[in-house]
Amino acid sequence: MEPGGNRRPRRGPGRRLPRRPPRVQRGHPRRDAAARGRTAGPLRRRRRAPRPARPHSGPSHPTPRRYRRPRHEGRPLMETAEIASRFLSFFEKNGHTVAPSASLVADDPTLLFVAAGMVPFKPYFLGERTAPYDRAASVQKCIRTIDIEEVGKTSRHATFFQMLGNFSFGDYFKERAIPLAWELLTSPVAQGGYGVDPERLWVTVYLDDDEAETIWREKVGVPAERIQRFGVEENYWSMGVPGPCGPCSEIFYDRGPEYGAEGGPAADEDRYVEVWNLVFMQYERGEGGAKKDFPILGDLPRKNIDTGMGLERLATLLQGVDNIYETDTLGRILRDASERTGVAYGDDERSDVMLRVVADHVRSATMLVSDGVRPGNEKAGYVLRRVLRRSIRNLRLLSGTDASYLHGLTETTIGAMQGIYPELRHDADRIHEVIETEEKNFSDTLRSGTALFGRAAERTRSTGADRISGADAFQLHDTYGFPIDLTLEMAAEQGLGVDEDTFRTLMAEQRETAKRDAKAKKLGNADVSVYGRLLESAGSTDFLGYTDHGTESRVLGLVVGGESVGAASAGDQVELVLDRTPFYAESGGQLADKGTVSAPGRGTVDVEDVQKPVPGLFVHRGTVREGTIALDDRIEAVIDSDRRASVSRSHSATHLIHSALRNALGPSTGQAGSENQPGRLRFDFTASNPLATSELSEIEDEVNTVLSGDIQVRDFTTSMDEALSMGALAMFGEKYGDRVRVVEMSDYSRELCGGTHVAATGQLGVVKLLGESSVGSGVRRVEAAVGIDAFRRLSRESLLVGQLSEQLKTPREELPERIDSLVSRLRGAEKEIERMRAAQVLQAAGEVAQNARRHGSALLATHRAPDGTTADDLRRLAADVRQRLGDDDPVVVAVAAVPEDRPVVVVAVNKQGQAGGLKAGDLVGLAARALGGGGGGKPDLAQGGGTDASAVDSALSAVEQRVAQTS
RNA sequence: GGGGCCAUAGCUCAGCUGGCAGAGCGCCGGUUUUGCAUACCGGAGGUCAGGGGUUCGACUCCCCUUGGCUCCA
C-alpha cells in the first residue's frame with residue numbers, strides 16, 4: 001500500500017500523469033504491458049514517473065476531461081451491435097437458425113451462469129435432447145467471475161461478455177465450418193463481412209489434425225507457414241466427463257510488429273490475439289481420471305461443430321482500439337463514468353483500472369438484474385452483489401465523494417446495450433429500482449462498518465499497537481461486510497497499519513472450510529449421473545396428466561439407494577422411471593401428485609413425490625407397499641384425484657392473485673417464487689414495501705370477484721415470441737425460442753405455465769388471503785387458502801368473533817373499541833396499584849429509620865417487610881431509609897421480604913459505611929447464604945435471595961452481627 | 001451448502017465480569033419568539049424478537065425457533 005491513502009487518485013499534483021502519446025509512436029507502450037495481462041504484475045508498479053507540473057494555464061480553467069476516442073478516424077466504425085447482427089445474418093444466410101441469447105441464469109443446475117456460447121446447446125451436444133434444428137447461430141450473453149480480480153488490469157478480462165457462435169448438430173463438419181469462418185472474417189464490409197485483411201490472420205490446429213490443416217491450406221488457401229500446431233492444452237476440447245470431445249482450430253489476428261515478436265501465435269500471445277475458436281466434436285471419450293488423460297472410445301456417430309468468437313474482442317480489432325474497454329459499448333459507459341466522477345481516462349493507470357472496473361461491473365450488474373437476478377447472499381445474487389458493491393466502491397474512490405452515480409451509469413449502460421437487447425429498455429424501471437436498493441443497503445453496511453472500524457482503531461491504540469489486528473480486519477470484512485480496502489485506507493488516515501498477513505490467512509482458512517464442505521456435498525450430487533444414464537436408456541417420460549389421471553405404463557428404470565436395480569420388494573424406498581405417466585412432477589411451484597403404481601398380481605408402490613432431477617425424466621419416489629416391482633413390469637399408474645384437484649385450485653388461484661397484485665402494484669411487480677399445496681398457496685413477489693391492509697383486501701376482493709365470474713381456463717402451446725406478444729407473463733430464465741404452454745383466463749390472466757389448473761374459475765369457490773410477510777430484502781410473500789379450506793377458515797373465525805362478542809357483551813362491530821378501552825383501563829389500574837403499593841412500602845420508612853440501632857459508630861436499620869413486597873419495593877425502601885439516616889455516621893440498611901415463595905434481601909450502605917469497610921455486596925452475600933442462596937451488587941446497594949423463607953430473621957441478624965464486629 | 005454477527009422506545013443505537021432499562025433524534029405539553037435542525041424545561045412512549053434452560057436473581061450466560069445483516073463456496 002502506498003502511504004497517504006488512495007481515495008483521490010487523480011488529485012494532488014504529483015499524481016497527474018501525462019496523456020499517453022498515440023500508440024504507434026511508442027517504443028514499448030505501457031498498454032502492451034496491460035495487454036499482457038496476468039504476467040505483467042500489478043499495474044501500479046508500472047506507473048510512469050510524473051511529468052513536471054504543467055504551466056499555469058490561466059484562471060478558472062476547468063480541468064479538461066479527456067477521453068481518447070477510438071482510433072478509427074477516416075473510416076467507418078463498425079459498432080458492436082452491427083458486428084453481432086452481421087454475424088447472425090451471415091449464418092442465417094448459410095442455413096442456420098438464429099437462436100436468441102438464453103438468459104444469463106443457466107438452466108443447468110450445475111452452473112451458476114451461462115459462461116460460454118455453447119451452454120444453451122449443451123443438451124443437444126450431449127444427446128440429452130434432440131435439437132430442433134441441424135444448424136444454429138447465436139449471440140450469447142455470458143458471465144464469468146473467476147477472473148474478477150483481473151478485470152480492468154488486462155486488455156480483455158471482463159465479467160460480462162458476449163459470444164458469437166455457430167453450431168452444427170450432426171450436420172456439417174470441419175469441411176464447412178472452416179471456410180465459413182474464414183469467409184465471414186475476410187469478405188469485404190460492403191458484402192456483409194468483417195473485411196479483415198487475410199494477410200493478418202494465422203491459424204492453429206491440433207497436433208495430429210491433418211484433416212483440418214488440409215482444409216485450411218487447400219480449400220481456404222492459408223499459406224502453410226501461417227498454420228501452427230498446438231497441443232492438448234490449447235487445441236483439444238472435452239468436458240471432463242465421458243461424452244463428446246475433439247480437436248480445435250483457432251484463428252488469430254496479427255496486431256502488428258509494434259505489439260511484439262514475429263513468429264505467429266506460438267511466439268507471441270499479445271501480438272497474435274485469438275479471435276475465433278472452432279471446436280470439432282469428433283470422438284467419444286471414456287471415463288478418465290485426469291482432465292487430459294482419457295481413453296478415446298471411437299468416432300461420434302453424429303459429429304458436431306461448436307464455435308466461439310468473443311464479440312468484445314472482435315470489436316476491439318475491428319474498431320482499431322487497444323482493449324475491450326475502449327470499444328463503442330464499454331467505452332460509452334467508461335466515458336460516462338469518467339465524466340461523472342471528473343476523473344480523466346488515460347491520466348493514471350490506477351484510476352484507469354478503476355474506470356474500467358466500473359464500466360465492466362455496471363454492465364454486468366445491469367444485465368444480471370435484467371435477467372431476474374437480485375442481490376443476495378448466495379449464488380447468483382451474491383455475484384451480483386459483489387460486482388455492484390465493487391462498482392460503488394470504485395466510484396467513491398474515483399470521485400472522492402459519497403455521491404451516487406449508479407443510476408446515471410445504469411441508464412447509460414441500458415442505452416449502450418439496448419441495440420442488442422431491447423428488453424433492457426422495457427425493464428429499465430425495475431433495473432434501476434433493484435440497483436438503487438442495493439446501493440442503499442451498501443451505504444447502511446458502510447455506515448455501521450465505519451462505527452465498528454472506529455472501535456477497532458480505538459482498541460488498537462489503547463493497547464499501544466500501531467497495526468489493526470488481522471482478526472479485527474477479518475471480522476469487519478467477514479461479519480459486517482466492510483471491505484478490506486476501506487479498512488486499509490481508513491487505518492492509513494489515522495496513521496495505523498493493518499496486519500494484512502493474518503487477514504489473508506484467515507481468508508484462506510475460510511475458503512478452505514467452504515471448499516471442504518463443497519467436496520463433502522459432492523457425494524450427494526454424484527447420483528445425478530444415475531438419472532443421466534436413465535434418461536439415456538429410457539428417454540424422456542411422456543406426461544399424460546393434463547388429461548388423464550391414470551394410465552397403463554411400463555417400468556423403464558428402478559433405483560434403490562442411488563443405484564439402478566432390477567427389482568424391489570415390500571418396504572423398499574424406490575425411485576421409478578416409467579414409460580409414460582399421469583403424475584405431475586414438482587415444478588413451477590406446484591407440488592407433485594401422489595398416488596399408486598401397481599403391477600397387477602405382483603406389487604404396489606405408494607408414490608409420495610415426483611421430481612425431474614434432469615430435464616425430461618420423471619422420477620416417482622415412494623415405498624413398495626406390497627409384493628415386488630421389477631424392471632419391464634406392466635403397471636397401472638393412478639394419481640390421487642382429490643389431491644390433484646385441490647392443488648390445481650391453488651395453482652389457478654395463484655395466477656389470479658398474480659394478476660390482481662400487478663393491477664394493484666404496477667407491472668414492475670414480478671413473481672419471485674410460489675408454492676401450490678392442496679388448499680393453500682404461497683406467492684412470493686418483488687416489492688420494496690409491505691402491502692397495506694387495505695391493498696390486501698382490495699386484492700382479495702378483486703380475485704374473488706373475478707373468480708365468481710366463472711371464467712373458462714384455457715391452455716395452448718405456441719412459440720415463445722408469440723406468447724410474449726400476447727402479453728403472457730413469463731418467469732425469468734424461461735427458455736427463449738422453445739415451444740411454450742400458455743394458461744389463460746380470458747383477458748384477466750395469461751401466463752407461461754406447465755402446471756395443472758381448474759376448468760373454470762368458479763371451481764375455486766373462495767380465495768382468502770391469510771397474510772403478507774417478508775421473505776428477504778425486496779421480496780414479500782402472500783399466503784392464501786383456497787376452496788373449502790378457505791371457507792372453513794372463514795367459518796372458524798366467524799365463530800370466534802361471535803364468541804368474543806358474547807364474552808365481552810359487545811356487538812361485533814364495536815369489539816375493537818371495546819378492547820381498546822379495556823386495555824387502557826387495565827393499564828391505568830395496574831399503574832395505580834403499583835403507585836399505591838410503593839407508597840405503602842415507603843410509609844414504613846420513617847419507622848424503620850427510627851428503629852435504627854447503633855453499633856459502635858455505625859447505625860443499622862433492619863426490617864422485614866410484609867409478604868408480597870417485591871424486590872423493587874425493597875430497593876426503594878432501603879434507599880429511602882438510608883437517605884433518612886443521613887451522611888453523618890456510617891449507615892447500613894438491611895430489608896427483607898418474601899415476594900412469592902422465595903425470600904429476597906436488599907442491603908444499602910452509605911458513603912461513610914463503605915469507607916469503614918462495610919460493603920453492601922459482602923453483607924448481602926452473608927444474608928443470602930443464610931437463606932440458602934447468593935447475592936451481589938454494588939458497594940452501595942446489593943440484592944440477594946435464597947430458597948429458605950423461614951430463615952429471613954436469621955439472615956437479617958447475620959448482617960447485624962457482621963456490622964457489630966466491623967464497627 | 002458451510003461459517004460469523006445482530007434483534008433493546010417511532011428511528012439510530014449504548015447497556016462492562018448477571019443485581020434499578022438508557023442516550024440522541026422524533027413525538028406531546030410549557031416557556032422562549034426564531035435566518036435554514038431556535039433555545040430551555042417537563043412528559044408520554046418498552047412483552048429487551050419468541051420459547052425453553054441455568055441462577056436467589058437473566059436485557060446480559062446456554063439451547064431451540066423466527067426474522068435480518070454479512071463472508072466463503
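Since we're looking at a predicted model, the values are computed, not measured. Below, chains carry the letters A, B, ... as their sequence lines are ordered, and counting in each starts from 1.
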Identify every side-chain donor-acceptor pair in residues 445-456 of chain A under 3.5 Å, counting partners at least two apart or on other chains, and give the distances.
unit_1   : atom_1 : unit_2   : atom_2 : d
A:Thr445 : OG1    : A:Asn441 : O      : 3.1
A:Ser448 : OG     : A:Asp444 : O      : 3.4
A:Ser448 : OG     : A:Thr445 : O      : 3.3
A:Thr450 : OG1    : A:Leu446 : O      : 2.6

Side-chain contact check for A:Thr947: nearest option of B:A73, B:C71, B:C56 is B:C56
Decide, yes or no, whether a salt bridge links A:Asp940 with A:Lys919 under the criterion of side-chain N to carboxylate O below 4.0 Å. no
Taking the same atom, C1', in B:C27 and in B:A9, what whole-Å distance lies between them? 11 Å
5'-to-3' dot-bracket of RNA chain B (Watson-Crick, G-U; under 3.5 angstrom; crossing pairs as [ ]; | other strand): (((((((..((((.....[..)))).(((((.......))))).....(((((..]....)))))))))))).
Not counting sequence neighbours, which residues clear salt bridge (charged side-chain N to carboxylate O under 4.0 Å, His left out) with A:Asp499? List them please. A:Arg467
Output all residues satisfying salt bridge (charged side-chain N to carboxylate O under 4.0 Å, His left out) with A:Arg461, sequence neighbours left out; order by chain, then residue number. A:Glu458
Carboxylate-amine/guanidinium contact A:Glu438 A:Arg389, below 4.0 Å: yes
Report the distance from atom NZ of A:Lys379 to atom P of B:C71, rounded to the nearest whole Å. 17 Å
B:G3 and B:C48, which share atom name C1', separated by this distance in whole Å: 27 Å
Output a table of nitrogen or oxygen pairs between the protein and nucleotides 5-7 of chain B separated by less than 3.5 Å.
unit_1 : atom_1 : unit_2   : atom_2 : d
B:C5   : O2'    : A:Tyr480 : OH     : 3.1

Rounded to whole Å, how long is the line connecting atom CG of A:Leu112 with atom P of B:A73? 12 Å
If we take the P atom in both B:U60 and B:G1, what is their distance in whole Å? 30 Å
For A:Glu509 and B:G4, give me the distance from atom CD to atom P, rounded to whole Å. 13 Å
Evaluation steps, side chain to side chain contact (heavy atoms under 4.5 Å, CB included), between A:His361 and A:Leu388: CA-CA 7 Å; A:His361 285 12; A:Leu388 263 175; over 6 Å; no
Sequence-distant partners of A:Lys612, salt bridge (charged side-chain N to carboxylate O under 4.0 Å, His left out), two or more places apart: none
Is A:Arg882 reaching over with its side chain to a backbone N or O of A:Val909, donor-acceptor style, under 3.5 angstrom? yes
In short, A:Val881 meets A:Ala861 closest at the heavy-atom pair CG1-CB, 4.0 Å
From CD1 of A:Ile484 over to C1' of B:U70, roughly how many Å is that when rounded to an integer? 15 Å
OP1 or OP2 of B:A73 under 4.0 Å from side-chain N/O of A:Arg511: yes
With sequence neighbours excluded, tell me which residues meet salt bridge (charged side-chain N to carboxylate O under 4.0 Å, His left out) with A:Asp873. A:Arg837, A:Arg876
Determine the Euclidean distance between corresponding P atoms of B:G46 and B:C6; express it in Å to zero decimal places. 26 Å
Side chain of A:Arg144, backbone of A:Ala115: donor and acceptor closer than 3.5 Å? yes
Starting from the 5' end of RNA chain B, give me the residue, A:Pro903 or A:Gln510, whose nearest nucleotide shows up first. A:Pro903
With C1' as the reference atom in both, quote the distance from B:A58 to B:C40 in angstrom, rounded to an integer. 39 Å
Quick note, A:Arg385 side chain, CB onward, closest among B:U70, B:G57, B:G3 is B:U70
Applying side chain to side chain contact (heavy atoms under 4.5 Å, CB included), name anything that partners A:Ala473, two or more places apart in sequence or on another chain. A:Ile484, A:Thr487, A:Val498, A:Phe503
Return the value, rounded to whole Å, for the distance between atom CZ of A:Arg374 and atom P of B:C69. 12 Å
What interatomic distance, in whole Å, is found between P of B:G68 and the corresponding atom of B:U8? 14 Å
Sequence neighbours excluded, every pair satisfying side-chain hydrogen bond (donor to acceptor under 3.5 Å, both in side chains) that has a member inside residues 469-478 of chain A: A:Arg459-A:Asp472, A:Asp478-A:Gln510
Is any side-chain nitrogen or oxygen of A:Arg389 closer than 4.0 Å to OP1 or OP2 of B:U70? yes
Strictly under 3.5 Å: I want the nitrogen or oxygen pairs between protein and nucleotides 13-21 of chain B, one per line.
unit_1 : atom_1 : unit_2   : atom_2 : d
B:A14  : OP1    : A:Arg455 : NH2    : 3.4
B:G19  : N9     : A:Gly936 : O      : 3.4
B:G19  : N7     : A:Gly936 : O      : 3.2
B:G19  : O6     : A:Gly935 : O      : 3.3
B:G19  : O6     : A:Gly936 : N      : 2.8
B:G19  : N1     : A:Gln943 : O      : 3.2
B:C20  : O4'    : A:Arg875 : NE     : 3.0
B:C20  : O4'    : A:Arg875 : NH2    : 3.4

Which value, in whole Å, describes the distance between the C1' atoms of nucleotides B:G57 and B:A73? 46 Å
Quick one: list whatever passes side chain to side chain contact (heavy atoms under 4.5 Å, CB included) with A:Val383, sequence neighbours left out. A:Leu112, A:Phe113, A:Thr145
A:Phe503 has an atom CZ; how far is it from atom P of B:G4, in whole Å? 18 Å
If you define the side chain from C-beta out and look only at heavy atoms, does anything of A:Gln573 sit under 4.5 Å from A:Arg621? no
Contact residues, residues 905-932 of chain A to RNA chain B [heavy atom, < 4.0 Å]: none
Roughly how many Å apart are B:U55 and B:G10, using the P atom of each and rounding to a whole number? 35 Å
In whole angstroms, how far is the P atom of B:G57 from the CG atom of A:Asp948? 15 Å
